[in-house]
Q: 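Pasting a structure below so you can have a look.
Throughout, numbering of the chain's residues begins at 1 and tracks the sequence.
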Amino acid sequence: MGHIIWWQRDEVMVDLKSYIRDIPDFPKPGITFKDITPLLKAPEAFREAIEQLAQRYRDKGITQVVAIESRGFIFGAALAYAIGAGIVPVRKVGKLPAATYRESYELEYGTDSVEIHQDAITSADRVVVLDDVIATGGTLAAACRLVQSSGGEIHEAATIIELSFLNGREKLNDVPFFTLISY
Ligand code: AMP
């Protein structure tokens with residue numbers, strides 16, 4: 001799985017989409033899960049994904065990468081390191097030890113919530129909010145609201161994969177959005 005599509009100078013360009021695996025009916029019937037583990041374990045693809053994000057966000061004054069539990073952490077940590085930013089976790093309820101802000105969002109059945117430490121982001125911060133996948137957009141939008149209520153400025157929200165047919169980016173309102181791969 002995975003294709004290196006062309007070669008120029010010392011750069012290897014890889015087709016990131018070819019490293020995403022569809023898992024039908026996971027975690028429940030009717031859902032096609034976008035599995036990023038083939039991309040993670042292919043050194044050329046993981047590096048390419050991080051490098052594309054780093055090229056976009058380097059020298060933009062980004063102070064923090066706000067990464068969403070849990071697959072967002074994998075990309076967020078590498079991106080933060082690459083651009084010389086810090087990383088701030090957005091987590092499911094009850095995981096963060098100090099005082100938090102909480103935001104809820106709608107699920108198909110019921111609601112879910114995410115939290116951020118109250119002192120993690122200040123008005124001096126310019127951030128990229130990052131997750132692996134945007135589906136309905138509820139999670140990423142809630143993470144953006146957490147940053148905004150902390151006083152931080154959002155440079156952009158970004159994902160590795162967008163399921164564009166679910167129109168999740170519309171939930172982000174005025175926050176600019178970028179994705180590496182779109183379905
Ligand atoms: P949503 O709030 O609907 O945009 O869902 C986004 C969150 O759920 C992300 O953290 C994703 O990791 C996960 N997710 C939702 N749908 C999928 C999918 N089809 N494949 C993989 N992850 C998904």
Side-chain angles (χ1 to χ4, degrees), residues 11 13-14 16-17 20 34 36 39-40 45-92 95-96 98-106 112-164 166-183:
E11 268 176 276
M13 293 294 288
V14 297
L16 292 177
K17 211 175 204 178
I20 305 298
K34 296 296 181 189
I36 56 162
L39 184 153
L40 294 177
F46 183 58
R47 189 186 180 89
E48 175 68 17
I50 298 303
E51 196 46 43
Q52 284 189 24
L53 292 171
Q55 280 176 18
R56 186 173 180 88
Y57 298 124
R58 209 172 265 138
D59 305 322
K60 296 290 192 305
I62 308 297
T63 56
Q64 299 293 335
V65 174
V66 173
I68 301 174
E69 180 174 0
S70 59
R71 289 179 296 273
F73 293 171
I74 300 170
F75 297 98
L79 175 62
Y81 181 87
I83 66 174
I87 174 166
V88 168
V90 165
R91 300 205 63 181
K92 299 285 162 59
K95 304 279 188 180
L96 289 170
T100 60
Y101 296 126
R102 184 178 299 181
E103 276 288 341
S104 298
Y105 55 95
E106 304 280 322
D112 211 343
S113 303
V114 284
E115 294 184 326
I116 196 169
H117 273 150
Q118 287 182 8
D119 61 359
I121 296 293
T122 73
S123 56
D125 284 309
R126 182 173 180 81
V127 315
V128 171
V129 184
L130 185 67
D131 202 359
D132 67 330
V133 174
I134 183 170
T136 66
T139 312
L140 195 58
C144 289
R145 292 197 297 276
L146 287 173
V147 172
Q148 287 162 336
S149 55
S150 306
E153 185 187 348
I154 302 175
H155 176 74
E156 198 158 75
T159 59
I160 308 304
I161 297 168
E162 175 190 27
L163 304 180
S164 63
L166 295 175
N167 298 317
R169 64 164 74 198
E170 286 173 13
K171 288 216 179 74
L172 302 176
N173 298 320
D174 294 340
V175 175
F177 174 73
F178 174 73
T179 189
L180 293 178
I181 297 168
S182 196
Y183 290 92

Q: Please name the residue in the list Lys34, Arg169, Lys17 that meets the salt bridge (charged side-chain N to carboxylate O under 4.0 Å, His left out) test with Glu162.
A: Arg169
Q: Mind listing the closest non-hydrogen atom pair of Leu140 and Ala157 along with its distance?
A: CD2-CB, 4.0 Å
Q: Side chain to side chain contact (heavy atoms under 4.5 Å, CB included), that's the test. Do Val88 and Val127 meet it? Break it down for me.
A: CA-CA 10 Å; Val88 168; Val127 315; over 6 Å; no
Q: So, taking the atom named CD1 in Ile181 and the one named CG in Leu39, what distance separates them when rounded to the nearest 0.5 Å?
A: 6.5 Å
Q: For Ile83 and Val65: C-alpha separation, side-chain torsions, deciding distance, then whether side chain to side chain contact (heavy atoms under 4.5 Å, CB included) applies.
A: CA-CA 9 Å; Ile83 66 174; Val65 174; 4.2 Å; yes
Q: So with a 6.0 Å cut-off around CZ of Arg126, is the heavy-atom count from everything else above 12?
A: yes
Q: Verify side chain to side chain contact (heavy atoms under 4.5 Å, CB included) between Lys60 and Val128, making sure each step is shown before the conclusion.
A: CA-CA 10 Å; Lys60 296 290 192 305; Val128 171; over 6 Å; no
Q: Taking only Lys NZ, Arg NE, NH1 and NH2, and the carboxylate oxygens of Asp or Glu, determine whether Glu156 and Arg56 approach each other closer than 4.0 Å.
A: yes
Q: Could you check whether atom CG of Asp59 has more than 12 heavy atoms from other residues, nucleotides or ligands sitting under 6.0 Å from it?
A: no
Q: As an exercise, state the distance from CD of Gln64 to CD1 of Ile154, rounded to the nearest 0.5 Å.
A: 13.5 Å
Q: Do you know the tightest heavy-atom contact between Ala143 and Val114?
A: N-CG2, 4.4 Å
Q: When you check the side-chain N and O atoms of Thr100 and Glu115, is any donor under 3.5 Å from an acceptor?
A: yes
Q: Taking the side chain as every heavy atom from C-beta outward, state whether Thr159 and Phe75 have any atom pair closer than 4.5 Å.
A: no
Q: Does the Arg91 side chain pair with the main chain of His117, one donor and one acceptor, at a distance under 3.5 Å?
A: no
Q: Would Ile161 and Ile36 satisfy side chain to side chain contact (heavy atoms under 4.5 Å, CB included), going step by step from the backbone distance to the final call?
A: CA-CA 9 Å; Ile161 297 168; Ile36 56 162; 3.9 Å; yes
Q: Any chance you could measure Leu53, atom CG, to Phe178, atom CZ, to the nearest 0.5 Å?
A: 6.5 Å
Q: Is the backbone N or O of Tyr183 less than 3.5 Å from a side-chain atom of Ser164, with the two atoms forming a donor-acceptor pair by type?
A: yes
Q: What distance do Thr136 atom OG1 and Ile134 atom CD1 have between them, rounded to the nearest 0.5 Å?
A: 8.0 Å
Q: Exactly one of Val133, Ile116, Leu146, Thr139 should register a side-chain contact (heavy atoms from CB on, under 4.5 Å) with Ile68. Which one does?
A: Thr139
Q: Mind checking whether Tyr57 and His155 have parallel, tilted or perpendicular rings, split at 30° and 60°?
A: perpendicular
Q: Which heavy atom of Ala67 sits nearest to which heavy atom of Ile87, and what is that distance?
A: CB-CD1, 3.9 Å
Q: Distance from Glu153 atom CD to Thr122 atom OG1, nearest 0.5 Å?
A: 11.5 Å
Q: Just how far is it from atom CG of Leu180 to atom CD1 of Ile160, taken to the nearest 0.5 Å?
A: 4.5 Å
Q: For Gly152 versus Ile121, what's the shortest heavy-atom pair and its separation?
A: CA-CG2, 3.6 Å
Q: Where do Ala142 and Tyr105 come nearest, in terms of heavy atoms and distance?
A: CB-CD2, 3.7 Å
Q: How close do Thr63 and Ala124 get, heavy atom to heavy atom, and via which atoms?
A: CG2-O, 4.2 Å
Q: Check whether any side-chain heavy atom of Tyr81 lies under 4.5 Å from a side-chain heavy atom of Ile50, and answer yes or no.
A: no
Q: Only one of Leu130, Val147, Val66 passes side-chain contact (heavy atoms from CB on, under 4.5 Å) with Val90; say which it is.
A: Val66
